[in-house]
Amino acid sequence: MTPEELEQISESEHEAQGKFAHRVNVCVAAGCLSCQSQSVKDALDKDITRRGWEGRCQTKGVGCMGLCAEGPLVSTDNGTMYKGVTAADAPEILDSVESSPIERLLCPTDVPFFQRQKKIVLENSGIIDAERIEDYIGSLGYGALIKVLTEMTPPEVIQEVVKSGLRGRGGAGYPTGLKWSTVAKAAGPAKFIICNADEGDPGAFMDRSVLESDPHRVLEGMLIAAYAVGASEGFIYVRAEYPLAIKRLRTAIRQAERMGLLGTSICGTRFSFRIDLRLGAGAFVCGEETALIASVEGKRGTPRPRPPYPAQEGLFGEPTLINNVETFANISPIIRNGGDWYAKIGTEKSKGTKVFALAGRVQNTGLVEVPMGVTLREIVFEIGGGIPEGRKFKAVQTGGPSGGCLPAELLDMPVDYESLARAGSIMGSGGMIVMDESSCMVDVAKYFMDFCMTESCGKCVPCRVGTYQMHRLLESITQLEGTPKDVALLTELCDLLKNTSLCGLGQSAPNPVISTMRSFADEYKAHVEERRCPAGVCGNHRNSEEPA
Amino acid sequence: MRLATVWLDGCSGCHMSLLDLDERLLAVAEKADLVYSPLVDNKIFPEDVDITLVEGAVSNEEDLHKIRMVRERTRILVSLGDCAVTANVPGMRNPFLTSEVYDRAYRENVTFDPGIPNQVIPPLLPYSRPVHEIVPVDVFVPGCPPSADVIFYAVSELLEGRIPELSAKTRFGA
Amino acid sequence: MNRPAANIKTLKIDGRDVTARPEETILEVARQNNIFIPRLCELKGLSTVGACRLCLVEVKGSNRLLPACVTRVEEGMEVTTSSERLDGYRKAILELLFTERNHICSVCVSNAHCELQSLAQKLGITHVHFPYRYPVVAVDASHERFIVDHNRCILCSRCVRVCEEIEGAHTWDIMGRGIDALVITDLNQPWGSSESCTGCGKCVHVCPTGALSEKGRSVAEMLKRRQFLPYLTLMREDRE
């Protein structure tokens, strides 16, 4: 594959798609598929055949358009978007491509949900067909790979990533360029690239969506990373609960291999790289990099102390670069447009954009990509459309079970790594769960502690027994049987787990408790001193206040 | 000083160990009045006790009632021995349901007239628990039983108005 | 003479100047210098896992506590092995272990010879201030010579490691996750029916508590002999 050949594929793809007078895109990512978008697409195809429009109108199964709450989503080439489409709407939609839009199904796109987003990672989502490599190439795909292979040395590639200021999107926010250069400098007969697609936070579906909507982008990011650090083998560790993502990744790998973009002597250079999938068996802790490595090696998925870091001694004891799906998805635009371009987006220390999965008590649940530094208020109230049913906002939980609950007072805080950490939460992988006044924050803390207890691997004592004890204390408090002494024990265990647990799971397991204790201390107090749940969620409902 | 001892769910071994103080009991008696104990003939736990040594775990409703009353009337409450400190042997029933425990004790292992008594025997609590899980405890003397030397040391210190440091002298199971 | 300089690190542990080879861990160096650092999962002669978290120490310049058993020495390191904070954490971790299963010292075969028990005493634990858990766990006495009593297991994984690394049988492993984790023989078959177990008894003797014991031992009668372990590892190193 040469740059010219790539250009040719791109052109013929544009030509092929340009032949059609009209195009109707149907979202076939998991969210819309679950509300029968495949039958919508089938109905459209059938109706096209009926009309004899085969050469005139193309239907395309595309990735996520973001507004998952309103699925199935359909868009037409004149920029109209339809929501809640059913198979029966197919003829009407085809009628509309040559006349005025259908008011009944219209999903306005001039609203903040779409207007306030900035799409880099999701630039192709909802636009290209995830199962066709040609469509990806037609959208500048693999251009960055060809560029690094033909024009750049590995140190130059790393320099570009360093310049971009990109930080790990898996949660901790470690500078990606620094990680790459560490692995590049590490000596070893073999090096490995691992893509962490073991997305496990409750309510998080960013990586899933990227993999389902634009899998080649992740492969390209891994290829560029492999070239930069000198690796020849890579693994994608993807959870088995994502069958569609797995299927599309397999398809993508096969397609890339066939085109000579994966395998030996890629594009006629000495660079060789192959990618294998490894399926996670459902353990949350396998998202932790050392546990993930153990799992890829075929061992029990438990973490080990670091150092040595995977960059020095990782998979099979060799230097290993582990990045998250979204991190890899950022690479090709950075190479295409330059690190400086990327560094202009976002805040001083948190560059670029971040994809968030908006869930919970918010009008527009779905997937959004925003520049770093927008405020929580903008995300929840403008993009998210605020709280449904006229209820009052109470808190937003970021970072999954390792994160914290941020109260209304912090709504104007910019969303970046440092601000979130200062507020007692973390960026995490991008889950954002909005809660309204009907949620009891002690109950929320208990939910996350239950998650951590269940997902603790059991290797280290503080996490194994501590999460159990904390959960039991929270259970007795939410049953309105707790005492102030229980709250004191809870506080003690928070400190213990944070400082003595072996891996990130245990160290961050107290975060939901710590953050709710800080921002909603009065709720804890009401539970243990007055045996009353202000939100009316916990224990015996007779004890709680009647809603006004 | 007004000294008392209480016997909850335990084997009385701690009280035996206390009696093993032998002649040192006289030294204790010089400084303290034994105002209540299974070893003396006094049926009512008095008010204003300075030090109470508690043997045994809190296992049934009588224990529960008693320990609350004792705590109210005592200045320094001492958990004496592993049953009071950890629930120890009485706590070995805790993984099981009380119904299973009753069956085992009064039906399965009984040859003559098996049946669960419904009077005289106070009902079991769901768990047999260490004293400090029920009421605040000031001093812990682990051991099964704590030796006479350890008890003498602990009591002497308490009678001198000091809180004894016991971890160097005794431990769980000692 | 142009010999390469000996690569020796100097560091401070609890204010004392000590020297070490670069591959040594803080725990190893502390032990050589008779500085006590509590631990339960580490055992000389076995690989280290850093799981019990009792050997966490403070290292100047690091905002994290570091497990002494896996942390290599560094030049100029200043290590503190004991402080109010560390001791508090260690006590809490030990107490959590006491709450996790059903540890009844007074009726245990390992009473007076138990590492969990003696460590608790050494750290001044006279009672456990977290609630006990009282799980229902089994005793497996199917092996003709040994017993595993899960009531007394602290999941240190010494048995798993000695069986795999020294005996080479890998009879033991860990099943389940979190609070439900359990050491098992073969694929959770009764120990007595294990086809991989050689009956060597190494697991019994490295076990820090009474979880693994020889049959026929009564309360406080189970003495563990560990001398074989450094001896075996030394023999192997010599042969290599």
Side-chain angles (χ1 to χ4, degrees), chain B residues 10-11 13-14 17 54 57-59 77-98 100-101 125-147 150 154 163-174, chain C residues 36 38 87-88 90-91 94-139 149-154 179-180 182 208-210 213 218-222:
Chain B
C11 70
C14 295
S17 202
V54 186
V58 181
S59 297
L77 191 67
V78 182
S79 274
L80 181 69
D82 276 356
C83 295
V85 174
T86 73
N88 199 25
V89 173
M92 289 175 79
R93 71 154 164 106
N94 286 345
F96 309 99
L97 295 172
T98 48
E100 295 169 325
V101 175
L125 299 171
Y127 294 99
S128 180
R129 295 169 73 188
V131 174
H132 66 270
E133 287 191 8
I134 310 294
V135 294
V137 169
D138 305 297
V139 178
F140 298 88
V141 190
C144 187
S147 70
V150 166
I163 295 293
E165 173 48 51
L166 289 158
S167 62
K169 299 191 181 328
T170 185
R171 55 164 164 74
F172 302 140
Chain C
F36 170 75
D87 293 346
R90 287 169 183 162
K91 280 165 104 163
L94 280 175
E95 287 189 34
L96 287 178
L97 281 174
F98 276 105
T99 68
E100 185 184 15
R101 299 275 172 96
N102 304 304
H103 296 276
I104 317 285
C105 298
S106 60
V107 296
C108 178
V109 286
S110 285
N111 192 4
H113 314 293
C114 168
E115 292 184 43
L116 176 67
Q117 182 188 40
S118 62
L119 213 47
Q121 183 180 21
K122 190 152 187 165
L123 295 183
I125 294 176
T126 57
H127 72 290
V128 172
H129 77 295
F130 298 114
Y132 288 91
R133 188 170 151 252
Y134 306 124
V136 180
V137 282
V139 177
D149 183 349
H150 294 288
N151 289 292
R152 301 165 179 159
C153 175
I154 58 167
I179 199 77
D180 299 321
L182 210 62
T209 70
S213 63
S218 181
V219 171
E221 287 182 352
M222 184 64 223

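Proteins come first, then strands; the chains are lettered A, B, ... in the order of their sequence lines, and each starts at number 1.
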Check your understanding: Could you give the distance from CD1 (C:Ile125) to CZ (B:Phe140), rounded to the nearest 0.5 Å?
Key ->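 Here the rounded value is 12.5 Å.
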Practice item. Would you mind listing every salt bridge (Lys or Arg N to Asp or Glu O under 4.0 Å) that reaches into residues 123-132 of chain C, with sequence neighbours excluded? Key: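 Sorted result for residues 123-132 of chain C: empty, none.
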Point to revise | Engaged part of B:Val89 at the chain C interface, taking heavy atoms whose separation is under 4.5 Å | key: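 Contact with chain C: backbone and side chain both.
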Check your understanding: Do you know which of B:Pro95, B:Ala174, B:Pro130, B:Ala168 has the most heavy-atom pairs under 4.5 Å to chain C?
Key ->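 Of the candidates given, the most pairs with chain C belong to B:Pro95.
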All donor-acceptor atom pairs under 3.5 Å, backbone and side chain, chain C-chain B:
residue: C:Ser106; atom: OG; partner: B:Asn88; partner atom: OD1; Å: 2.8
residue: C:Asn111; atom: OD1; partner: B:Arg171; partner atom: NH1; Å: 3.3
residue: C:Asn111; atom: ND2; partner: B:Gly173; partner atom: O; Å: 2.8
residue: C:Gln117; atom: NE2; partner: B:Phe172; partner atom: O; Å: 2.7
residue: C:Gln121; atom: NE2; partner: B:Ser167; partner atom: O; Å: 3.1
residue: C:Gln121; atom: NE2; partner: B:Thr170; partner atom: O; Å: 3.3
residue: C:Val128; atom: O; partner: B:His132; partner atom: NE2; Å: 2.7
residue: C:Tyr134; atom: OH; partner: B:Asn94; partner atom: ND2; Å: 3.2

Review point. Where on C:Val107 is there a heavy atom nearer than 4.5 Å to chain B: the side chain, the backbone, both, or neither?
Key: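 Looking at C:Val107, just its side chain touches chain B.
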Point to revise | Atom of C:Cys105, atom of B:Gly173 and distance for their closest heavy-atom approach | key: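 In this case the closest contact between C:Cys105 and B:Gly173 is CB-CA, 3.7 Å.
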Exercise for review: Not counting sequence neighbours, which residues clear side-chain contact (heavy atoms from CB on, under 4.5 Å) with B:Leu125? List them please.
Suggested key: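 side-chain contact (heavy atoms from CB on, under 4.5 Å) list for B:Leu125, sorted by chain: B:Val58, B:Glu61, B:Leu64.
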